[in-house]
Trainee: 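Handing you a structure now.
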Amino acid sequence: MPELPEIETISRALSQGDNNWPSILGKTITEVNILWERTLETPSAEEFNARIIGQVINEVGRRGKFLHIHLTSDSLIIHLRMSGDILIEPEDEEIATHHRLLLIFDDGWRMAFNDTRKFGRVWLVDDPVEVFKRLGPEPLASEFTSDVLYQRLVSHRRQLKLLLMDQCFLAGMGNIYTDEALHLAKLNPLTRSDTISEGQAEELWRAIRHVLLEGIHNNGASIDWVYRGGDFQNYFRVYQRTGEPCPVCDTPIIRIVVGQRGTHLCSTCQPDPDS
DNA sequence: ACGAGCGCCTGTCGGC
DNA sequence: TGCCGACAGGCGCTCG
C-alpha cells in the first residue's frame, strides 16, 4: 500500500475522526477477533488477546510506513504492506471478506484491519524500538536536511531508486513517491548514489519533501481497492502513466524494471546516466 | 556492499 | 468463454 502519506492520512483519521467515524482516542479494547492468524507478527494469538484486552487507546502516530497506536502499557504497531487498510465501523456490521483482525471497543465501534493479500503485519510490544530500530530518518523531520541526504547518498554506491526505497536508508518512501520524486528532481532511477552532486542532492531532498507533502495534502493516493480516501492519484506525473506525455516536456513516459519493481520515468527529463 | 530471485497472497486485466 | 501470464502502493530471505 500505502506509503508515508497514506499512513499519515490514516493516522490522522483515527486520532481526529473523519466523515465516517469518530476518533478512537480514549476507547477501551474489550474484545479481539483474529480472522487470519499470520497477521500477528508477535506475540502469539493467546498472548495478544490476554495482553490487549482492557487497554485504552491514548495516541495514534506514524513512523515511516508503520502505524503506531499507543495503548495503556503497550504499543500496537501495524504495517499495511501492499493491500492493507484500517476501518472504524459499528461492531455489529457484517464482517467483510478480507478483514483479518478486529478490535472491539467499549462503545459500539470496532477497528478492522482489512488486507486482501495478507502481507500486512501487526505487533504488540512494550517497547516500539523493537520494531523501529532499523528504520532510517523521517523524511519530513527537521533533522533530515539536504546535507544529511547528501552525506547518506555518497556513503553508498547504489542505484538511487533502490536506495530511496530502502527503509533503512529513509523511512516512508515506496514505489509511487520514489518515481514521482526522481522525476521532479530530474534524476534517473539507475543513477549511482555516489555520483550525485551536492546540488542534485538538494534538488532530490526538495522533491522528496514536496511529493510527500503533496500526497498528505491530498489525503494520499487511492488505487483499486486500497485506501479509498485520497486524491493524489489524479496528480501523478509519471507513476502508471506509461505512454502518456511527460507533464514537463511531453516526451512519452516509459516503464522499466528496477529491483523487480515497475519504474516510470521521462527519458528526456531523466536521462540515463550511462549515455 | 550490492542486487537479483523468490516467497508470501489475492485479485484484475489483456491476449489468445 | 476459459485459461494463462503479467502485474499490483512491500519486505525479508538467500545467494552470487
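Here is the naming used below: chain letters follow the sequence lines, and residue numbers restart at 1 for every chain. Only heavy atoms go into these numbers, but all of them, side chains included; no hydrogens, no water, no symmetry mates.
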Trainee: Would one find a side-chain N or O of A/Lys118 under 4.0 angstrom from OP1 or OP2 of B/dT10?
Mentor: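 Yes, A/Lys118 has a side-chain N/O under 4.0 Å of OP1/OP2 on B/dT10.
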Trainee: Using only side-chain N and O atoms of A/Lys65, determine if any of them is under 4.0 Å from OP1 or OP2 of C/dG9.
Mentor: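 Looking at the OP1 and OP2 atoms of C/dG9, neither is under 4.0 Å from any side-chain N or O of A/Lys65.
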Trainee: So what does A/Arg255 touch, heavy atoms closer than 4.0 Å: a base, only the sugar-phosphate, or nothing?
Mentor: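 Sugar-phosphate, backbone atoms only, no base.
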Trainee: Considering heavy-atom distances to DNA chain C, does A/Val257 or A/Arg261 have its closest nucleotide positioned more toward the 5' end?
Mentor: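 Result of the comparison: A/Val257.
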Trainee: Does a donor on one side chain sit under 3.5 Å from an acceptor on the other, for A/Tyr177 and A/Glu214?
Mentor: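 No, A/Glu214 and A/Tyr177 have no side-chain donor paired with an acceptor closer than 3.5 Å.
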Trainee: For the side chain of A/Arg38, counting heavy atoms from C-beta on, which of C/dC11, B/dC8, C/dG9 is nearest?
Mentor: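 Output: B/dC8.
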Trainee: Side chain to side chain donor-acceptor pair (under 3.5 Å) between A/His70 and A/Asn58: does it pass, once the steps are laid out?
Mentor: CA-CA 6 Å; A/His70 304 246; A/Asn58 288 328; over 6 Å; no
Trainee: A/Asn114 has an atom CG; how far is it from atom C1' of B/dC9, in whole Å?
Mentor: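 Going from A/Asn114 (CG) to B/dC9 (C1'), I get 14 Å.
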Trainee: Begin with the C-alpha distance, continue with both residues' side-chain angles, and end with the deciding distance and a verdict on salt bridge (charged side-chain N to carboxylate O under 4.0 Å, His left out) for A/Arg63 and A/Glu138.
Mentor: CA-CA 7 Å; A/Arg63 173 79 171 97; A/Glu138 276 296 317; 2.9 Å; yes
Trainee: At under 4.0 Å, does any side-chain N or O of A/His98 touch on OP1 or OP2 of B/dG11?
Mentor: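 For B/dG11, OP1/OP2 do have a side-chain N/O of A/His98 under 4.0 Å.
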Trainee: If the threshold is 4.0 Å, N to carboxylate O, is there a salt bridge linking A/Lys27 and A/Asp106?
Mentor: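 Salt bridge between A/Lys27 and A/Asp106, a charged N being under 4.0 Å from a carboxylate O: no.
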Trainee: Compare side-chain N and O positions of A/Arg100 against OP1 and OP2 of B/dC9 and report whether any pair is under 4.0 Å apart.
Mentor: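 Answer is no, no contact under 4.0 Å.
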Trainee: Figure out the CG/C1' separation between A/Leu80 and C/dG10, and round it to whole Å.
Mentor: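 Computing the A/Leu80:CG to C/dG10:C1' distance gives 11 Å.
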Trainee: Would you please say whether a donor-acceptor pair under 3.5 Å links the side chains of A/Ser83 and A/Thr116?
Mentor: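 A/Ser83 vs A/Thr116: no donor-acceptor pair found between side chains.
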Trainee: If you check the A/Arg117 side chain, which of C/dC11, B/dC9, C/dG9 turns out closest?
Mentor: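 Given the options C/dC11, B/dC9, C/dG9, the side chain of A/Arg117 is closest to B/dC9.
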Trainee: Whole angstrom is fine here: how far is it from NE2 in A/His79 over to C1' in B/dC8?
Mentor: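 In whole Å, B/dC8 C1' lies 14 Å from A/His79 NE2.
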Trainee: Check whether any side-chain heavy atom of A/Ile196 lies under 4.5 Å from a side-chain heavy atom of A/Leu160, and answer yes or no.
Mentor: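 Yes, close enough: below the 4.5 Å cut-off.
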Trainee: Considering only atom P, compute the distance from B/dA4 to C/dC7 and round it to an integer number of Å.
Mentor: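 Comparing P positions in B/dA4 and C/dC7 gives a spacing of 16 Å.
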Trainee: What is the distance, to the nearest angstrom, from the CZ atom on A/Phe66 to the P atom on C/dG10?
Mentor: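 Going from CZ in A/Phe66 over to P in C/dG10 covers 13 Å.
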Trainee: Specify the separation, in whole Å, of atom CD1 of A/Ile176 and atom P of C/dG9.
Mentor: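 My rounded result for the distance is 7 Å.
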Trainee: Identify the two heavy atoms, one from A/Asn175 and one from A/Gly262, that lie closest to each other, and give their separation to 0.1 Å.
Mentor: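 Nearest heavy atoms, A/Asn175 then A/Gly262: ND2-O, 3.0 Å.
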Trainee: Given atom CG of A/Leu4 and atom P of C/dG10, what is their separation to the nearest angstrom?
Mentor: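 Rounding to the nearest Å, CG of A/Leu4 and P of C/dG10 are 12 Å apart.
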Trainee: Give a yes/no answer on whether the side chain of A/Tyr177 brings an N or O atom under 4.0 Å of OP1 or OP2 in C/dG9.
Mentor: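 Checking A/Tyr177 against C/dG9: no side-chain N or O falls below 4.0 Å of OP1 or OP2.
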Trainee: Testing A/Leu67, A/Thr39, A/Ile77 one by one against A/Val122 for a side chain to side chain contact (heavy atoms under 4.5 Å, CB included), which residue passes?
Mentor: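 The option that passes is A/Thr39.
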Trainee: Got a minute to check which stems DNA chain B is part of, using Watson-Crick or G-U wobble pairs under 3.5 Å, three or more consecutive?
Mentor: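 Stems for DNA chain B, defined as runs of 3 or more consecutive pairs: B:2-8 with C:10-16, B:10-16 with C:2-8.
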Trainee: Using the P atoms only, state how far C/dC4 lies from B/dC9, rounded to an integer number of Å.
Mentor: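 Looking at atom P only, B/dC9 and C/dC4 are 22 Å apart.
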Trainee: Sort out for me which residue in A/Arg261, A/Arg255, A/His264 forms a side-chain hydrogen bond (donor to acceptor under 3.5 Å, both in side chains) with A/Asp179.
Mentor: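 Passing option: A/His264.
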Trainee: Taking the P atom of each, how far is C/dA6 from B/dG5, in whole Å?
Mentor: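 Their P atoms lie roughly 14 Å apart.
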Trainee: To the nearest angstrom, how far is A/Arg81 atom CZ from B/dC8 atom P?
Mentor: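 It works out to 14 Å between those atoms.
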Trainee: Mind checking the C1' distance from C/dG9 to B/dC2? Whole angstroms is fine.
Mentor: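 Between the two C1' atoms, the distance is 24 Å.
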Trainee: Between atom CD in A/Gln167 and atom C1' in C/dG12, what is the gap in whole Å?
Mentor: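 Going from A/Gln167 (CD) to C/dG12 (C1'), I get 13 Å.
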Trainee: Any chance you could measure A/Asn219, atom CG, to A/Glu8, atom CD, to the nearest 0.5 Å?
Mentor: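 Interatomic distance, A/Asn219 CG to A/Glu8 CD, rounded to 0.5 Å: 10.5 Å.
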Trainee: Measure from the ring center of A/Trp205 to the ring center of A/Tyr150 and say whether it is less than 6.0 Å.
Mentor: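 That pair fails the under 6.0 Å test.
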Trainee: Between protein and nucleotides 2-5 of chain B, what N or O pairs are separated by less than 3.5 Å?
Mentor:
{"unit_1": "B/dC2", "atom_1": "OP1", "unit_2": "A/Arg157", "atom_2": "N", "d": "2.4"}
{"unit_1": "B/dC2", "atom_1": "OP2", "unit_2": "A/His156", "atom_2": "ND1", "d": "3.1"}
{"unit_1": "B/dG3", "atom_1": "OP1", "unit_2": "A/Gln159", "atom_2": "N", "d": "3.0"}
{"unit_1": "B/dG3", "atom_1": "OP2", "unit_2": "A/Arg158", "atom_2": "NE", "d": "2.8"}
{"unit_1": "B/dG5", "atom_1": "N7", "unit_2": "A/Gln260", "atom_2": "NE2", "d": "2.5"}

Trainee: Is the ring of A/Phe119 stacked on the base of B/dC8, with centres less than 5.5 Å apart and planes under 30° off?
Mentor: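 Yes, aromatic ring over the base.
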